[in-house]
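Notes follow once the structure below has been shown.
In this chain, numbering begins with 1 at the start of the sequence shown.
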Amino acid sequence: MDLTNPTTENTMYMIEQIKEKIRMVNVDAMKAENFDTDKYEDLHYIYEMVMKRKHISSNELEAIAAELGSLRK
């Protein structure tokens, strides 16, 4: 999958992968349709950072959730 293209499908894929990786409890807050492709680069950066990590601390989870929240429509 080529995630360099800002498509709705890529956004959906990245959001689902992030939710799975960080085991987010409130999945309704992370619906892919709440994210616009205008901020795709920021979302892609977060996705890559999360996917590279083996362990994510609680402080990092809070920061990731806050950052994702700022990217929502």
Side-chain angles (χ1 to χ4, degrees):
M1 174 172 273
D2 180 14
L3 296 177
T4 59
N5 296 321
T7 64
T8 303
E9 292 80 21
N10 286 349
T11 299
M12 290 171 57
Y13 174 80
M14 289 190 295
I15 293 297
E16 290 303 315
Q17 292 299 308
I18 291 170
K19 285 192 307 192
E20 185 177 312
K21 179 80 175 193
I22 64 175
R23 298 182 192 119
M24 185 166 235
V25 175
N26 187 1
V27 293
D28 287 338
M30 288 282 296
K31 291 184 179 178
E33 58 265 14
N34 293 337
F35 293 85
D36 197 0
T37 55
D38 291 346
K39 297 181 180 179
Y40 186 83
E41 288 181 31
D42 295 330
L43 178 61
H44 189 252
Y45 174 80
I46 293 170
Y47 166 79
E48 287 193 339
M49 187 266 306
V50 168
M51 292 300 118
K52 288 179 183 177
R53 304 293 302 259
K54 288 187 180 199
H55 176 73
I56 300 174
S57 71
S58 59
N59 287 340
E60 290 170 322
L61 282 175
E62 288 181 30
I64 291 166
E67 192 61 32
L68 287 170
S70 73
L71 297 179
R72 293 177 64 203
K73 291 182 192 177

> Given V50, which of L61, I22, L68 fulfils the side-chain contact (heavy atoms from CB on, under 4.5 Å) condition?
Replying inline: I22
> So among T4, N5, T37, D2, which one has a side-chain contact (heavy atoms from CB on, under 4.5 Å) with N10?
Replying inline: N5
>> Suppose the criterion is salt bridge (charged side-chain N to carboxylate O under 4.0 Å, His left out): which pairs have a residue in residues 55-71, not counting sequence neighbours?
In response: R53-E60
> Who passes salt bridge (Lys or Arg N to Asp or Glu O under 4.0 Å) against E9, sequence neighbours left out?
Replying inline: none
>> Test of understanding: with salt bridge (Lys or Arg N to Asp or Glu O under 4.0 Å), list the residues that count as partners of E48, not counting sequence neighbours.
In response: none
> What residues form a side-chain contact (heavy atoms from CB on, under 4.5 Å) with Y13, not counting sequence neighbours?
Replying inline: M1, L3, Q17, Y47
>> Run the side chain to side chain donor-acceptor pair (under 3.5 Å) test against S70 and tell me which residues pass, sequence neighbours left out.
In response: none
> Partners of T8 by side chain to side chain donor-acceptor pair (under 3.5 Å), sequence neighbours excluded?
Replying inline: none
>> Does M12, at its CE atom, have more than 12 non-hydrogen atoms belonging to other residues, nucleotides or ligands within less than 6.0 Å?
In response: no
> Could you give the distance from CD1 (I56) to CE (M49), rounded to the nearest 0.5 Å?
Replying inline: 6.5 Å
> If you measure from CD1 on I64 to CD1 on I18, what distance do you get to the nearest 0.5 Å?
Replying inline: 8.0 Å
> So, do I15 and L43 sit near enough that their side-chain heavy atoms are less than 4.5 Å apart?
Replying inline: yes
